[in-house]
Asker: 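Quick one: structure below, then a few questions.
Worth knowing before you read on, the calculation uses all heavy atoms, side chains too, and leaves out hydrogens, waters and symmetry mates. Here is the naming used below: chain letters follow the sequence lines, and residue numbers restart at 1 for every chain.
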Number of protein chains: 2
Amino acid sequence: MRQSDEKRRYDDACGLAHALDLLGDRWAMLVVRELAYGPRRFSGLKADLPGISANVLTQRLAELERSGIIRKSKLPPPASVQVYEATPWGLEVAPVIGRLGKWAARSPAHDPTLPMSPAALMMSFETLFDPERAAGLRGRFGFRFGSADYIATVSGGAITVARRDCAGCDVVFTGESNDIAAVIHGGAPLELVRVEGDRSLAEKFRTLFPLPEKVETLGPLA
Amino acid sequence: MRQSDEKRRYDDACGLAHALDLLGDRWAMLVVRELAYGPRRFSGLKADLPGISANVLTQRLAELERSGIIRKSKLPPPASVQVYEATPWGLEVAPVIGRLGKWAARSPAHDPTLPMSPAALMMSFETLFDPERAAGLRGRFGFRFGSADYIATVSGGAITVARRDCAGCDVVFTGESNDIAAVIHGGAPLELVRVEGDRSLAEKFRTLFPLPEKVETLGPLA
DNA sequence: CCGTATCCAATAAGATACTG
DNA sequence: CAGTATCTTATTGGATACGG
């Protein structure tokens, strides 16, 4: 628990400074990332945020709720479990933090071999998607992570992602998000994960997400 | 100085997590904002980041330089003073943090009456600009803050901002960035600041930056 | 004047154990 | 499973002193 009532804030009218008042605390943006595709439970969030401790997660959820970025809600019966979900406004920041991620992927210090959560992987599909490479391609691509299913729909040079059952997809990838990330982004062999359905479509899917070029280590000598 | 050599990092391959490794420390993004339009000196940065202490600024500058986001450089003689400037890659994150700011401006908790630095104000012009309202408008708008001059060029339904002498502008606003912000964004009377040049153009300029609608306090009851 | 280094008090984050 | 409580450690900001 916070000992003082007053949170540390920037004394600055700039919208960016206020964004950092709202999302600048450690873990806050990553919590929003995890909620980008639908409601999640406390334990799921904790599991997908490697290294966060329960008390910090509790505090972040409370602050984000106070700010109106997320809210508590209850899944319909018979589940009836409590979950956290992004509000419509909270959801609007997802594409912005996605672009922040795309920018950072050019950093020489970025290490793509670290673990990657299902939500992070699905967001990478949205942010790294290349419409030109997807021209003329149509398909529904399912991802079964054990904890949840997601589908990515490619059509008309665009991609959309949703958390939804994989039934009816043209291809379904099943495995750990780390391994699926290695296959899609890292060029690892398809055999690392389970692939059901149209295999050639799966191969094409892998080509849609070019990694941004790394920055030169010493920076361009302008 | 940091006591441990190891910086606290996220153990996460997600680009966003890496962005926060690079820019997640307090003040870091605001330093980048201040460098968005050109090189700045230490004391200028300190003055425009209300509340930062010299040692924290020193530390942030060193970290950002290590990451390749900014670099030290020397102004050409006879000035020959040391300045900090964003690298080309570092500059690329400016529009992204601008969008973060635009998103946060919808927060019910956002207080636009707080102080606002010149760089923050100029960035707000870029992020809040409405191309439809600027249709058919052309002009060069100068801003003289005492510490530096900036110009905003509106043409063809677009706006560009640069730090440059105001000479040749159609309108020049002179005053403190706080007051100019109150005039442009807050609807304060033009008389609060000094306006030279085409006054009707100045009035039109004020209409180009609609503030985003506030979120309802309790959030939409979906 | 332009920073940098050091010390200090307050606060935020992390680890771990524990409760309903 | 969903958090709390408690303790320890790390980071922040302010003051101040110092070097170019």
Asker: Whole angstrom is fine here: how far is it from CG in B:Leu57 over to P in D:dG13?
Answerer: 11 Å
Asker: What is the nucleic acid contact for A:Ser43, judged by heavy atoms within less than 4.0 Å: base, sugar-phosphate only, or nothing?
Answerer: sugar-phosphate
Asker: Distance check needed: D:dT12 P versus A:Arg26 CZ, whole Å only.
Answerer: 11 Å
Asker: Closest approach to the side chain of A:Asn55, judged atom by atom: which nucleotide of D:dA2, D:dA5, C:dA13 is it?
Answerer: D:dA5
Asker: Taking the minimum atom-to-atom distance to the side chain of A:Arg8, which one of D:dT12, C:dT4, C:dA13 wins?
Answerer: D:dT12
Asker: Find the distance A:Arg40:CZ to D:dC1:C1' and express it as a whole number of Å.
Answerer: 15 Å
Asker: Tell me the interatomic distance from A:Ile52, atom CD1, to C:dA12, atom P, rounded to whole angstroms.
Answerer: 16 Å
Asker: Starting at the 5' end of DNA chain D and moving along, which residue's nearest nucleotide shows up first, A:Leu61 or A:Tyr10?
Answerer: A:Leu61
Asker: Is the distance from OP1 or OP2 of C:dG14 to the nearest side-chain N or O of A:Trp27 less than 4.0 Å?
Answerer: yes
Asker: Look at all strands and tell whether A:Thr58 reaches a base, only sugar-phosphate, or nothing, counting heavy atoms closer than 4.0 Å.
Answerer: base
Asker: Whether A:Tyr84 contacts D:dG3 is assessed here as follows: a side-chain N or O lying under 4.0 Å from the phosphate OP1 or OP2. Is that the case?
Answerer: yes
Asker: What are the two closest heavy atoms between B:Leu57 and B:Leu49, and how far apart are they?
Answerer: CD1-CD1, 4.4 Å
Asker: From NZ of B:Lys46 over to P of D:dG14, roughly how many Å is that when rounded to an integer?
Answerer: 8 Å
Asker: Send over the distance from B:Phe42 CZ to D:dG20 P, rounded to a whole Å.
Answerer: 17 Å
Asker: Would you call the rings of A:Tyr150 and A:Tyr37 parallel, tilted or perpendicular, where under 30° means parallel and over 60° means perpendicular?
Answerer: perpendicular
Asker: Taking only side-chain nitrogens and oxygens of A:Gln82, does any of them come within less than 4.0 Å of OP1 or OP2 of D:dG3?
Answerer: yes
Asker: Under 4.0 Å from OP1 or OP2 of D:dG13: is there any side-chain N or O of B:Gln59 that close?
Answerer: no
Asker: Looking at the side chain of A:Arg41, which of D:dC1, C:dG3, D:dT12 is the nearest nucleotide?
Answerer: D:dC1
Asker: Taking NZ from B:Lys72 and C1' from D:dG20, how many angstroms apart are they, rounded to a whole number?
Answerer: 13 Å
Asker: With a 4.5 Å cut-off on side-chain heavy atoms, are B:Tyr10 and A:Leu114 touching?
Answerer: no
Asker: Whole Å only: how far is the NZ atom of A:Lys74 from the P atom of D:dA2?
Answerer: 11 Å
Asker: Where do B:Arg71 and B:Glu65 land on the salt bridge (Lys or Arg N to Asp or Glu O under 4.0 Å) test, with the steps shown first?
Answerer: CA-CA 5 Å; B:Arg71 59 188 167 203; B:Glu65 191 184 9; over 6 Å; no
Asker: I want to know whether A:Phe125 and A:Phe209 have ring centres closer than 6.0 Å.
Answerer: yes
